[in-house]
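Here's the structure, in structure tokens; my notes come after.
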Protein chains: 2
Amino acid sequence: MVTEALTEDAAAGLARGFKALGDPVRLRLLSLIAARAGGEVCVCELTDAFTLTGPTISHHLKVLREAGLIDCQRRGTWVYYWIVPARLAVLSQLLDVSAAAASTGPTR
Amino acid sequence: MVTEALTEDAAAGLARGFKALGDPVRLRLLSLIAARAGGEVCVCELTDAFTLTGPTISHHLKVLREAGLIDCQRRGTWVYYWIVPARLAVLSQLLDVSAAAASTGPTR
DNA sequence: TCTCTGCCTAGACAGTCATCTAAACAACCG
DNA sequence: CGGTTGTTTAGATGACTGTCTAGGCAGAGA
């Protein structure tokens, strides 16, 4: 099992991802996009799900995008967002490995 | 597959966990504790691994503890910290499920 | 009891963040 | 071309965060 302590650089990269997830609004945005049939969601639908202003939603989407968790494309009038599964998997795996190491006991 | 959108309350609880992970120092602390043979680490060892002051490390440990990710106990002079695997597993699973939903296509 | 060491709390300070309003940009449609 | 709608950018503001220094509490040992 790979349970080495993180290097400073690795921790910084991963923390950027977790930090983006550390806001209830962004988590719900991610969840709304992930749960979406077709995998793509228009911004207007996301905005409707909150009592926040458009610019605020736009800001949160930008944070998620800059963290590599989602990506987007404009098609005509509308902008569509989707999940980047590989990035989520990396973060998930770190937690999974740490939890496993802790619950199954010492590594060495 | 369970890929419902998160409720506001659920998102708030989960975000508290991810927020605690969203700092490089805290991520490294968690990793150091998880990688530790025996599952427990003394604060003094953690402090030595950083160029930060004791109070700063203490602060970060408190944040992790209040997020339910670690727990601690004083035994004589020293305080020992350990991972709470169940909490990490919950966060890991959320990401895993979202990634899976996004990569395998529509849920319905 | 006195002192030493390990750890935490309190308070201060600079930097970051979530949110808003106002304004700009982009695409469609008359 | 002008107007309407969807989305983002810019700037402001109040709140929160990471870090420090100073000081306090807890346990061990002389």
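Chain letters run A, B, ... following the sequence lines, proteins first and then strands; every chain starts at 1.
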Please give me every residue in residues 61-69 of chain B whose heavy atoms get under 4.0 Å of an atom in DNA chain D, ordered by residue number. none
Single hit among A:L61, A:V41, A:L88, A:L29 for side-chain contact (heavy atoms from CB on, under 4.5 Å) with A:I70: A:L61
Bounds of contact between DNA chain D and chain A, in 5' to 3' order, using a heavy-atom cut-off under 4.0 Å: D:dG6 to D:dT9
Regarding the side chain of B:C44, the nearest nucleotide among C:dC20, C:dA18, C:dC7 is C:dC7
same_hphob_cluster(B:L46, B:W78) at 4.5 Å side-chain heavy-atom cutoff: no
Rounded off to whole Å, could you give me the CG-to-P distance for the B:L29 and C:dC7 pair? 13 Å
Going by side-chain hydrogen bond (donor to acceptor under 3.5 Å, both in side chains), name the residues that satisfy it together with B:E45, two or more places apart in sequence or in a different chain. B:R36
Using a heavy-atom cut-off of under 4.0 Å over every strand shown, decide if A:Y81 touches base, sugar-phosphate, or nothing. sugar-phosphate
Ordered by number, residues from residues 10-23 of chain A within less than 4.0 Å of DNA chain D (heavy atoms) are none
Would you say that A:V84 contacts A:L69 through its side chain, given a criterion of any heavy-atom pair below 4.5 Å between the two side chains? no
Pairs satisfying side-chain hydrogen bond (donor to acceptor under 3.5 Å, both in side chains), at least one member in residues 52-64 of chain A, at least two apart: A:R26-A:H60, A:T53-A:T56
Cut-off 3.5 Å, no hydrogens considered: what does the side-chain donor-acceptor table look like for residues 12-21 of chain B, sequence neighbours left out?
none

Would you check if A:L52 and A:V25 make a side-chain contact, meaning some heavy-atom pair closer than 4.5 Å? yes
Separation between CG (B:L27) and CG (A:L95), nearest 0.5 Å, reads 8.0 Å
Could you tell me whether B:H59 contacts a base, only the sugar-phosphate backbone, or nothing, with contacts defined as non-hydrogen atoms closer than 4.0 Å? base
Taken in chain and number order and not counting sequence neighbours, the residues that satisfy side chain to side chain contact (heavy atoms under 4.5 Å, CB included) with A:V79 are A:V43, A:C72, A:R74, A:Y81
Could you run through nucleotides 23-30 of chain C and give me one letter per nucleotide, 5' to 3': B if any protein heavy atom sits under 4.0 Å from the base, S if only the sugar-phosphate is that close, - if neither? ----SS--
The answer to which of B:V79 and A:G54 contacts DNA chain C further toward the 5' end, by nearest nucleotide, is B:V79
side-chain hydrogen bond (donor to acceptor under 3.5 Å, both in side chains): which pairs involve residues 83-93 of chain B, sequence neighbours left out? A:S92-B:S92
Applying side chain to side chain contact (heavy atoms under 4.5 Å, CB included), name anything that partners A:E40, two or more places apart in sequence or on another chain. A:R75, A:Y80, A:W82
Salt bridge (charged side-chain N to carboxylate O under 4.0 Å, His left out): which pairs involve residues 50-59 of chain B, sequence neighbours left out? none
Sequence-distant partners of B:A10, side chain to side chain contact (heavy atoms under 4.5 Å, CB included), two or more places apart: B:L6, B:T7
